[in-house]
Amino acid sequence: MTAGTQFDFIHRFVPPLPGGPKETLLLLHGTGGDEDDLIPLAGELLPGAALISPRGRALENGMPRFFRRLAEGVFDLDDLKVQTDALAQFVSTVSRKHGLEDNKIIALGYSNGANIAASLLLMHPALLSRAILFRPMVPFRPERSPNLNDMPVLLAAARHDQIVRPEQTAELSKILTTAGACVSIHWHPGGHELGADDVAAAQEWLSR
Ligand code: MLT
């Protein structure tokens, strides 16, 4: 297999607007979503930024995901690691191809996309400059803590999430904080779906 196919993802690339932010948003959709899902949200959060929006390559009953799972909340850790490496390579390749290698990269992930974004933070800490994780879980427990070097990370959790338990949010926060990240947590009053308060919290956090 050549590097071209091994690291390829179906994706959308949206070039930055002239004078736009020098940051690229990496958009990572939830299970059953695709590369179009988070484009409108990205436009609300960081207008004019370049967007790299891949489609997850693990199909579950036809639904795209970023890595395989064995059951709800039980991840195939071997696949997670392979897919995380492939995604990191893909993002670097696309950034270079479009002359954006000097841009800082902000991950914006929802649910399964937030889980692979957290995995990117733990396995490729130098790839990202910030991360917004909507409804993340603990992707895996790292044997050695990476160095996240004061990286700002927003966890947007939900008080009545049917899928993510509050202990998982607390554990992820601890893993990231131990790695040196500056973690902020927003608590949405509802369930797994995003609310307007999540968007407002992300906007406020990005403007800091
Ligand atoms: C999902 O349905 O996407 C889960 O909540 C998260 C995951 O499986 O990664």
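First listed ligand is number 1; within each ligand, the first listed atom is number 1. Predicted model only: the values in this text are computed from it and were never measured.
For the pair F66 and ligand 1, no heavy-atom separation below 4.0 Å is found. The shortest separation from a heavy atom of S111 to ligand 1 is under 4.0 Å, placing the residue in contact. Using a 4.0 Å cutoff on heavy atoms, E72 counts as a contact of ligand 1.
Taking OG1 of T177 as the reference point, atom CG of L148 lies at 9.5 Å (rounded to 0.5 Å). To the nearest 0.5 Å, atoms CG (D85) and NE2 (H124) are separated by 4.0 Å.
Protein heavy atom nearest atom 3 (O) of ligand 1, with residue, atom name and distance: T31 OG1, 2.6 Å. Taking atom 8 (O) of ligand 1 as the reference point, the nearest protein heavy-atom neighbour is R65 NH1, 2.8 Å. The single protein non-hydrogen atom nearest to atom 5 (O) of ligand 1 is I163 CG2, 3.1 Å, given as residue, atom name and distance. The closest protein non-hydrogen atom to atom 2 (O) of ligand 1 is R69 NH1, 3.2 Å.
Applying the 4.0 Å criterion to heavy atoms of N115 picks out, from ligand 1, the atoms 6 (C), 7 (C), 9 (O). Those atoms of ligand 1 with a heavy atom of F67 less than 4.0 angstrom away are 9 (O). Here is the list of ligand 1 atoms found below 4.0 Å of a heavy atom in F75: 7 (C), 8 (O), 9 (O).
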inquiry  = Would R55 and E35 count as a salt bridge (charged side-chain N to carboxylate O under 4.0 Å, His left out) here? Give the steps.
reply    = CA-CA 5 Å; R55 184 190 302 178; E35 63 277 18; 2.8 Å; yes
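Taking the six-membered ring for Trp and thresholds of 30 and 60 degrees, F66 and H29 have ring planes inclined between 30 and 60 degrees apart.
Linking ILVMFWY side-chain heavy atoms closer than 4.5 Å, directly or via other members, places L80 and I163 in a single hydrophobic cluster. Linking Ile, Leu, Val, Met, Phe, Trp and Tyr residues whenever their side-chain heavy atoms come within less than 4.5 Å leaves L128 and I106 in two separate clusters.
For the pair S173 (side chain) and T169 (backbone), a donor-acceptor distance under 3.5 Å is absent.
Counting non-hydrogen atoms of other residues, nucleotides and ligands closer than 6.0 Å to CZ of R141 gives a total of 12 or fewer.
Contacts between R135 and ligand 1, counted as non-hydrogen atom pairs separated by less than 4.0 Å, are absent for every part of the residue.
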